[in-house]
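Written out below as structure tokens is the structure these notes cover.
Note that the coordinates shown come from a computational prediction; the quantities given were computed from them, not determined experimentally. In what follows, chains are A, B, ... by sequence order, proteins preceding strands, each numbered from 1.
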Amino acid sequence: MNLAIFLLALFDGVAYAALVFIVALGLTLIFGVMRILNVAHGSLYAIGAYTTVSLTGWILALGFAPVLAFPLMIVSAILVGIVIGGPLEYFLLRRIYDKSEVLQLLVTFAVFMILEDVQRLVWGTQPYFDSSALQVLGNISVFGVTYTIYQLILLPLIAVVLLLGMRFFLRHTLTGKLITATTEDREAAQSIGVDADKVFLFTFIIGAVLAGLGGALASPTTSILPGMGADMIVLSFAVVATAGLGQIEGAALTALMIGLGRSFAVYLYPEFSVLVPYLIMVVVLLVRPEGLFGSPAARKI
Amino acid sequence: MTNSFVKRTVAAMVAGALPVMAIAADKPESLNIGMTAFLTGPASVFGVPARDAAEIMVDNINADGGINGVPIDITFIDEGAGAEALTSEYRRMVESGSAEVMLASISSGNCQTIAPLAEDLQVPNLMWDCGTQRIFEENDYQYVFRTQANATPEMLATVLYLLKTNPDFKTIAVVNQDYAWGRDSWDIFSTALKAMKPDVEVLAEFFPKFGSPDFSTEISRLQALQPDVILSTSWGGDLDTFVQQASQRGLLNSSTFVLPLAESSLERLGSALTDGHIVGARGDHYFLHPERRDDEDFKSFMAQYEEKTGDVSVYPVFHASQAIAALQGAYEKAIEENGVEWPSEEQLLAALEGLTFQGLGRPVTLREDNQGIEDQLLGTSVQTGDYPFATMQNIMIFDGEELTTPVGQNSLEWVKTLDASMVDSVTVDQYDN
């Protein structure tokens, strides 16, 4: 393996890891704060992608410039967070926080199944594809291999910004500190006047927006079709579990490990590429059952 | 059997009680058929068009008075619910007498499960879409017929088209879905290629997981390897994503893509599929079929289909048309040959043997092992501007008879015995577009 190939595999791995991380970030944030594993996260990802494609298609049909696809991604992500995420927490999850983990898992899984059918009702079964955003940015050539700037530069950049932004938000802003306090000890936080319900609602919406954003950002690169959410929830769960549930920096590192592992496998031994994420997960969990960064007490599932 | 006997007896009694009715006594009120198709899941890109088409065709037959006065009533089973649900639903439909004939299925795995089941339930089953060549090579069936080709002629036609249009290529890579079809189709393709052009080097074999959302890494590696030809037998969302991502990154400019199922993705791929790539259709299926596009029946169906769905027809629509044409043809042949108002099951099965019928493509004949002999159409993609997507030029229609494994032989063993002379000797009709 020469240096060029090594670098190519590195680029592919980073681009892939960026997208996985953005979705896993929302999942791990929700778990960290609410101790609930939200399987419906996968549906929010898919709906984010569908919404972006529909909005972009609509705007383009009206004759606007394709560059508007970028703000539309953010619009779609926020729509997913507020229209679906908000009511989901407020009307459903709020009632099951003190129930057993198995029940919580079943409820979010049920929501996932329902949302899968909603997607089919709204968008049908035929795949959608709209890569306007990606084409706006054009291509870049590295060692004779053409990459899209969107995947090679923009996605990793957004992932890094989100990671740093989330750290800053949780540690240096009032809302962030309230979230951290509620995470540490809900009862103590409530006794000093923190409105835990509001904190949970807010956190869940942020998590849902991140899922929607993951889907929105993935949409120009892939076919949007039924079932895409299921694949993503499995992969991002692998990331989150390997990192330790609720660990944001850990999720970033694990996403990177899995992304790189997968791309090097495609270069060296393609038959292994599907196995790599789960192989990494198994090895890590054998050695550290609480995950790379997790503490044993924090584990619930 | 008993159920249908009871039903016929009841029908006879009802008819006897109403002497003014013109319908003959032993005719059923309706011919109930069941059809399995993916209505959910990734393969619904095939199942939904096939269901829509089958509904139109059944309505058309019924509007013309049905089969000898008996209207067809079609019910659908979703293959997307899984093999277990499919077999129990299939069994229930047959045993409750709500289907006289079954049309199953899209998935090769489901066909392999259903073939022995149909035999067991003694229900005539027309395999209308699945590709595996193994069905009639590994077993003999009395009740199971395939109204279309199988993977062997489909892959063989692709190899022949490639060798006829690009005789000098040196290297190839493959990107297929990691499941039975992706693996089996590559086995047949690579065996045929080795037999007919042994000097070709296989640079890479990728089998990304079924439903993979991202082929970026594979595309990077293909750009580094620069194969002359890239084969992908993928379909649906996987094929769309692969071709779109490859197109975005310029891979379509440096390699010739060979896409045996791309006919079903042409409309969705839009401008991403550039000129000069090989497009297959799993048979002579194409909404601009060069021999059929001016025929009245073809034109009127295409118009009906586009009006109903808003899309152009894809190959599962043609496959559905063949199964329904076979059904209608078999009943009419059995009625005529036996001089009866309505055939018994034995008469129907006898009529299916050696039956020739015509759906939307060229006529198809059922061979003695119940395998259909279907011709194969391939073309080269071209963006003409007449449609917002690629259409085909330099179309070749290969004679199915010469490409289908002889009765009683194993496909892979037979394909090994072929050689380069087949490229010139094969019967083929060519059309500019």
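A donor-acceptor contact closer than 3.5 angstrom is absent between the side chains of A/T51 and A/S76. When only modelled atom types and interatomic distance are considered, B/D311 and B/T309 share no side-chain donor-acceptor pair under 3.5 Å. No hydrogens or angles considered: a donor-acceptor pair under 3.5 Å links the side chains of A/D12 and B/S220. Side-chain N/O atoms of A/Q151 and A/T148 include a donor and acceptor closer than 3.5 Å. When only modelled atom types and interatomic distance are considered, B/T233 and B/N176 share a side-chain donor-acceptor pair under 3.5 Å. Counted by atom type alone, B/S234 and B/S232 present one or more donor-acceptor pairs between their side chains at under 3.5 Å. No side-chain donor-acceptor contact under 3.5 Å links B/D275 and B/Q383.
Residue contact with chain B, scored on non-hydrogen atoms closer than 4.5 Å, involves the backbone and the side chain of A/V266 alike. Looking at A/E271, the atoms closer than 4.5 Å to chain B (heavy atoms on both sides) all sit in the side chain, from C-beta outward. Only the backbone of B/E205 comes within less than 4.5 Å of a heavy atom in chain A; its side chain stays farther off. Heavy atoms closer than 4.5 Å to chain A are found in both the backbone and the side chain of B/V45. For B/L39, the part lying near chain A is the backbone, with the side chain staying farther off; criterion is any non-hydrogen pair under 4.5 Å. Interface remark: A/Y147 contributes backbone and side-chain atoms alike to the contact with chain B (heavy atom separation under 4.5 Å). At a 4.5 Å heavy-atom cutoff, the contact between A/L134 and chain B is made by side-chain atoms alone. Contacts between B/R249 and chain A at a heavy-atom distance below 4.5 Å involve backbone atoms as well as side-chain atoms.
If you tally non-hydrogen atom pairs under 4.5 Å between each of A/V274, A/T221, A/L8 and chain B, the highest count goes to A/T221. Per-residue counts of heavy-atom pairs under 4.5 Å with chain B were compared for A/T146, A/V142, A/T222; the largest is that of A/T146. Ranked by non-hydrogen atom pairs under 4.5 Å with chain B, the options A/D117, A/L225, A/N139 are led by A/N139. The residue among A/F129, A/F143, A/F11, A/Y128 with the most heavy atom pairs within less than 4.5 Å of chain B is A/F129. The greatest number of non-hydrogen atom pairs below 4.5 Å with chain A, out of B/G250, B/S265, B/S216, is found for B/S216.
Judged by a 6.0 Å distance limit and a 45° cone about the ring axis, A/R262 is positioned over the six-membered ring of A/Y16.
In this structure, B/H277 and B/F257 have perpendicular ring planes: the angle between them is above 60°, well past the 30° mark.
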